[in-house]
Structures are given as C-alpha cells and as structure tokens.
Engineer: 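Structure provided below as structure tokens; questions to follow.
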Amino acid sequence: MFGDLLTLNSLTSGVYVVTTETGSVYTVDLDQMLVTRHRDEPDEYHELRRDEQPVTLLKLVDCRLGHDMRLLIDLRVDGVLHTTRATTVVVRIDRQPMARSS
C-alpha cells in the first residue's frame with residue numbers, strides 16, 4: 001500500500017513515482033531534475049499549468065508519506081524565478097523500474 005519508499009528527502013538520483021491522495025501521479029526524475037504531473041481523468045477544476053509536460057525541478061523541498069509534497073519548479077514564465085508547487089498528501093512512493101537494454 002505504501003510503495004517502496006517512505007521519503008525522497010536527501011536522495012539525489014533516480015526516478016520515482018509519487019501518488020497523492022487525490023489520485024495525481026508525479027514522475028520525479030532526480031537524474032534529469034524534471035517532474036511531470038499525470039492525472040488519470042481530465043478534471044478542469046484540478047488542472048495545473050503544464051500537466052502531462054515535464055518541467056524543470058529546481059528543488060525537492062519535501063516528499064514524505066503522509067505529508068504534502070513541496071517542490072520548486074521552473075515553468076519558464078518570463079520574470080518569474082520559480083514556482084512553488086504543493087500537492088495533497090503523499091500516499092505512495094515507488095522507484096521507477098529501470099529500462100532494460102536489449
């Protein structure tokens with residue numbers, strides 16, 4: 001139920017899948033410093049700028065089970081240094097399986 005990990009805090013590499021209580025799923029790529037928010041069903045009320053698009057992750061502020069995930073991201077908006085994104089409570093954190101080379 002809780003996934004592979006309890007936290008991403010202090011990790012500096014790897015790709016992880018973070019699921020929140022509202023069903024949003026975030027791919028957090030610490031190797032490339034990117035984050036992508038996914039939703040199973042379109043929902044205009046809960047839609048965020050750049051959903052389904054990787055955005056630059058400037059800093060993973062906090063990501064722990066039972067707490068909201070907090071990120072500093074760069075949405076590439078002129079004159080805006082960064083955007084703070086906070087999620088609902090994290091309910092699952094998994095390592096993304098590494099792709100096998102043939």
Side-chain angles (χ1 to χ4, degrees):
M1 172 179 176
F2 298 117
D4 296 335
L5 301 166
L6 299 176
T7 184
L8 294 184
N9 296 351
S10 77
L11 295 178
T12 58
S13 64
V15 181
Y16 304 91
V17 179
V18 177
T19 306
T20 68
E21 68 182 351
T22 57
S24 292
V25 175
Y26 291 80
T27 302
V28 179
D29 185 336
L30 297 176
D31 297 326
Q32 296 185 45
M33 292 302 286
L34 297 171
V35 63
T36 308
R37 180 180 186 255
H38 312 278
R39 291 206 48 90
D40 283 339
E41 299 176 20
D43 178 353
E44 287 182 30
Y45 181 74
H46 293 102
E47 193 173 297
L48 294 176
R49 187 179 303 173
R50 309 285 199 280
D51 273 356
E52 302 296 337
Q53 298 174 19
V55 296
T56 301
L57 175 62
L58 300 172
K59 182 175 182 178
L60 176 72
V61 177
D62 189 24
C63 181
R64 296 175 284 155
L65 281 179
H67 298 268
D68 60 326
M69 179 169 61
R70 288 177 282 135
L71 311 165
L72 290 182
I73 58 175
D74 181 358
L75 293 175
R76 305 239 186 257
V77 175
D78 287 340
V80 178
L81 296 177
H82 66 269
T83 299
T84 301
R85 181 160 289 174
T87 71
T88 56
V89 172
V90 172
V91 296
R92 186 177 182 99
I93 305 172
D94 294 290
R95 285 176 182 55
Q96 182 168 322
M98 291 180 58
R100 294 185 179 196
S101 19
S102 310

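Below, all heavy atoms of this structure are taken into account, side chains as well, without hydrogens, waters or symmetry copies.
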Engineer: Using atom types as modelled and distance alone, determine if a side-chain donor or acceptor of T87 lies under 3.5 Å from a backbone N or O of M69.
Structural biologist: yes
Engineer: If we only count heavy atoms from C-beta on, is the D74 to V55 side-chain gap below 4.5 Å?
Structural biologist: no
Engineer: Under 3.5 Å, side chain of D29 to main-chain N/O of V15, donor-acceptor pair present?
Structural biologist: no
Engineer: Within a strict 4.5 Å, meaning less than it, do heavy atoms of the V28 and C63 side chains meet?
Structural biologist: no
Engineer: Answer yes if L72 and L75 sit in the same cluster of Ile, Leu, Val, Met, Phe, Trp and Tyr residues linked by side chain heavy atoms under 4.5 Å apart, and no otherwise.
Structural biologist: no
Engineer: So, taking the atom named OG1 in T88 and the one named NE2 in H67, what distance separates them when rounded to the nearest 0.5 Å?
Structural biologist: 13.5 Å
Engineer: Roughly how far, to the nearest 0.5 Å, is the CG atom of L5 from the CZ atom of R92?
Structural biologist: 10.5 Å
Engineer: Work out which heavy atom in L30 is nearest to a heavy atom in L57; give both atom names and the distance.
Structural biologist: CD2-CD2, 4.0 Å
Engineer: Do I93 and L11 sit in one hydrophobic cluster, given that two such residues count as connected whenever their side-chain heavy atoms are within less than 4.5 Å of each other, even indirectly?
Structural biologist: yes
Engineer: Regarding R95 and Y16, is there a side-chain donor-to-acceptor distance under 3.5 Å anywhere?
Structural biologist: no
Engineer: Can you name the nearest heavy-atom pair linking T27 to H38, along with the distance?
Structural biologist: OG1-NE2, 3.1 Å
Engineer: Determine whether a donor-acceptor pair (N or O, by modelled atom type, separation under 3.5 Å) exists between the side chain of D68 and the backbone of V89.
Structural biologist: no
Engineer: Nearest heavy-atom pair of T36 and P54: which atoms, and what distance?
Structural biologist: OG1-CA, 3.2 Å
Engineer: Hydrophobic clustering (ILVMFWY, side-chain heavy atoms < 4.5 Å, transitive) - are L65 and Y26 grouped together?
Structural biologist: yes
Engineer: Report the distance from atom OG1 of T83 to atom CG of L58, rounding to the nearest 0.5 Å.
Structural biologist: 8.5 Å
Engineer: Just how far is it from atom NZ of K59 to atom NE2 of H82, taken to the nearest 0.5 Å?
Structural biologist: 10.0 Å
Engineer: How about L60 and L71: do any of their side-chain heavy atoms sit closer than 4.5 Å?
Structural biologist: yes
